[in-house]
Structures are given as structure tokens and as C-alpha cells.
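What you see is a predicted model, and the numbers here were worked out from it, not measured in a lab.
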Amino acid sequence: MAVASPVSATALFSDARIAATSHEPDAASLTTVYGALGKQWTHPVREVWLEIGFGGGEHLVWQAQHNPDVGFIGSEPFEEGVVKVLIAIDDKSLRNILVHPDDVRPLLRWLPEASLSRVFMLFPDPWPKKRHQKRRLFSPELLRLLARAMRPQSELRLGTDIGDYARTALAAVAQSADFRWTAEGPQDWRVRPDDWPPTRYEAKAGREGRRCYFFRFTRN
């Protein structure tokens with residue numbers, strides 16, 4: 001299968017739906033018509049949610065359709081996924097999505113403190129080979145960046161179909177003073193909640209017989 005190449009930001013930043021991070025944001029302006037991202041949501045939004053690595057965009061688009069009063073930032077470095085979401089924004093007349101076509105970590109450093117109310121990270125690249133596992137995005141470093149950008153009591157969702165990824169993610173959360181796992185029983189991580197629509201990666205995991213894990217963590 002061909003691997004998509006990272007997006008050239010200069011080719012896309014003229015698009016009004018692309019999130020620009022060239023100036024210092026104002027924390028209060030993230031929920032206004034002219035947000036700190038320098039682009040327009042067409043109406044005030046009550047809070048801002050982020051999806052890291054939205055892939056084909058199915059989950060991001062569904063959430064935007066079902067939560068019109070929320071402003072969404074989708075971060076994805078690969079062109080194929082970015083183009084799909086931009087097309088969906090037009091086809092469905094969505095007014096509450098901005099796209100960051102790059103690595104999410106600079107965006108998290110740029111965002112105002114406590115500006116995000118929910119973050120999704122669904123089926124990230126598992127980097128299954130042991131020598132590559134240090135490249136996994138869900139890590140103590142990412143949790144530190146998220147802790148700065150997320151509001152107290154906000155929610156971080158992680159989906160994976162790789163048991164070892166699930167194990168290392170839970171270990172990272174257990175070692176973090178900023179997040180806690182809220183599960184009270186197996187159903188809390190074995191069953192996908194109703195407000196968490198499936199993605200193509202979850203469907204692929206099911207076809208290949210892999211169990212999926214649905215974790216929800218709370219920002220302390």
C-alpha cells in the first residue's frame with residue numbers, strides 16, 4: 001500500500017479552513033467568531049476539541065456534525081486525509097472544523113493553556129517493531145504537552161487495536177500526575193461509547209480479528 005506524503009503547508013495555507021499558527025494566540029479568542037487560529041468559525045463556539053491524526057476524517061466529520069456548537073481542530077500530517085476532510089467540509093457545509101496539516105506537537109505548544117475541552121487520538125501508528133517504539137506518539141512527552149493545553153476535568157480519548165500500545169499507554173498515564181484513567185470495569189474500555197463513531201481502522205482491526213481498546217482519561 002502506498003504511503004501518503006506529508007502535506008506541503010505552503011500549498012494549503014491559502015485555504016480558509018487551514019489553521020494558521022504564525023502569531024501568538026489569545027486564550028479568550030479561541031471561542032469567538034475570529035478565533036486565535038486566525039481563521040473563521042462562522043459563529044461562536046462553546047468550547048474547542050482536537051483530533052490528533054484524524055486519518056480519513058470519519059470520526060472528525062461525525063463529531064463536527066453532531067456538535068455544531070463545538071469548534072474542532074483536526075491535526076493530520078498526510079495529504080490524503082487532509083484532502084478528504086477538506087472535501088467533506090465543502091460537501092457537508094461544515095463551519096466548525098479547522099485543519100492543521102502537520103505534526104500536532106508544535107500546535108500543542110502554541111495553543112493557549114487550558115484551551116481544549118476534549119482530545120481524540122484514535123488508532124495511532126503502532127510502530128510495532130521494538131526498535132521503532134520510541135516513535136510512538138502517545139508518550140509521556142505528549143501527555144505533558146496535552147496537560148498544558150487541556151482544561152481541568154477535560155477528556156482524552158485513545159483508541160488502539162494493538163495490545164502492547166494499550167499497555168504502554170496505560171503505563172504512561174499511570175506515571176503522569178496530570179491524567180487519570182476513569183474506567184470502573186471492563187466494559188468501560190472494551191465497548192465503544194455511543195458518541196464515539198467507528199473509523200476505517202477499527203473496521204480493519206475487526207476484519208483481521210484484533211480486539212479494540214477504547215480508553216478515556218481525565219485531565220486532573
Side-chain angles (χ1 to χ4, degrees), residues 1-8 11-12 15 17-19 49-68 70-105 107 116 118-129 132-133 135-139 142 146 155-170 187-217:
M1 182 175 64
V3 178
S5 60
V7 170
S8 169
L12 288 170
D15 193 303
R17 298 155 300 188
I18 299 297
W49 297 1
L50 167 69
E51 181 161 349
I52 300 172
F54 55 73
E58 304 97 338
H59 177 272
L60 177 63
V61 169
W62 187 95
Q63 291 288 358
Q65 289 179 297
H66 286 78
N67 298 280
V70 173
F72 288 86
I73 307 169
S75 177
E76 172 60 58
F78 294 106
E79 183 175 0
E80 182 179 355
V82 170
V83 170
K84 285 180 179 179
V85 165
L86 293 180
I87 291 172
I89 289 172
D90 280 342
D91 289 347
K92 301 178 185 297
S93 299
L94 297 173
R95 305 293 184 179
N96 58 335
I97 298 179
L98 293 174
V99 176
H100 177 70
D102 211 334
D103 188 311
V104 75
R105 285 165 288 197
L107 175 67
L116 300 174
R118 186 172 294 182
V119 176
F120 307 96
M121 190 172 171
L122 308 182
F123 300 91
D125 191 329
W127 292 104
K129 293 182 179 180
H132 292 157
Q133 288 182 2
R135 301 181 186 178
R136 289 177 174 177
L137 185 56
F138 195 101
S139 64
L142 183 73
L146 287 170
E155 186 176 72
L156 168 61
R157 295 186 175 186
L158 171 69
T160 184
D161 59 332
I162 305 298
D164 183 65
Y165 205 116
R167 180 184 61 80
T168 57
L170 290 176
Q187 293 298 100
D188 291 334
W189 51 269
R190 290 178 179 171
V191 178
R192 177 170 40 78
D194 291 338
D195 66 344
W196 185 333
T199 69
R200 67 185 61 191
Y201 303 106
E202 180 185 342
K204 180 181 178 182
R207 291 193 302 269
E208 296 178 358
R210 293 191 300 277
R211 170 179 285 176
C212 293
Y213 306 88
F214 307 98
F215 298 121
R216 289 179 287 179
F217 308 112

Could you go step by step and tell me if Leu107 and Asp102 meet the side-chain contact (heavy atoms from CB on, under 4.5 Å) rule? CA-CA 9 Å; Leu107 175 67; Asp102 211 334; over 6 Å; no

Do Phe138 and Leu156 pass the side-chain contact (heavy atoms from CB on, under 4.5 Å) test, and can you show the C-alpha distance, the side-chain angles, and the key distance before you say yes or no? CA-CA 11 Å; Phe138 195 101; Leu156 168 61; 4.0 Å; yes

Pair Arg118, Phe120 - check side-chain contact (heavy atoms from CB on, under 4.5 Å), show working. CA-CA 7 Å; Arg118 186 172 294 182; Phe120 307 96; 3.3 Å; yes

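Summarising the geometry of Arg192 relative to Pro198, their closest heavy-atom pair is NH1-CD, 3.5 Å, with the distance given to 0.1 Å. Here the closest heavy-atom approach between residue Cys212 and residue Asp161 is recorded as SG-CB, 4.1 Å. Taking every heavy atom of both residues into account, Trp196 and Leu122 meet most closely at CZ2-CD2, 3.3 Å. Annotation for Asn96 and Pro68: closest pair ND2-CA, 3.7 Å, computed over non-hydrogen atoms. When all heavy atoms of Phe123 and Thr160 are compared, the closest pair comes out as CE2-C, 3.6 Å. Taking both residues in full, the closest heavy atoms of Asp125 and Tyr165 are given as O-CE1, 3.5 Å, listed atom of the first, atom of the second, then distance.
In this structure, Phe214 CZ and Arg190 CZ are separated by 12.5 Å, a value rounded to the nearest 0.5 Å. Remark: Phe215 CZ to Arg157 CZ distance equals 14.0 Å, nearest 0.5 Å. Distance check: Leu86 CG to Ile97 CD1 gives 9.5 Å after rounding to the nearest 0.5 Å. Rounding to the nearest 0.5 angstrom, the gap separating the CH2 atom in Trp49 from the CG atom in Asn67 is 4.0 Å. Atom CG in Asp103 sits 10.5 Å away from atom CD in Glu76 (nearest 0.5 Å). Atom CZ in Arg95 sits 10.0 Å away from atom CD1 in Ile89 (nearest 0.5 Å).
A side-chain donor-acceptor contact under 3.5 Å links Glu51 to the backbone of Leu60. Under the 3.5 Å distance criterion, the side-chain polar atoms of Arg136 are matched with a main-chain donor or acceptor of Pro126.
Residues Phe54 and Ile73 form no side-chain contact, since every pair of their non-hydrogen atoms from C-beta on lies 4.5 Å or further apart. Residues Ser139 and Thr168 fail the side-chain proximity criterion, which asks for heavy atoms closer than 4.5 Å.
Tested against Gln63 for a side chain to side chain donor-acceptor pair (under 3.5 Å), the candidates His59, His66, Gln65 yield a single pass: His59.
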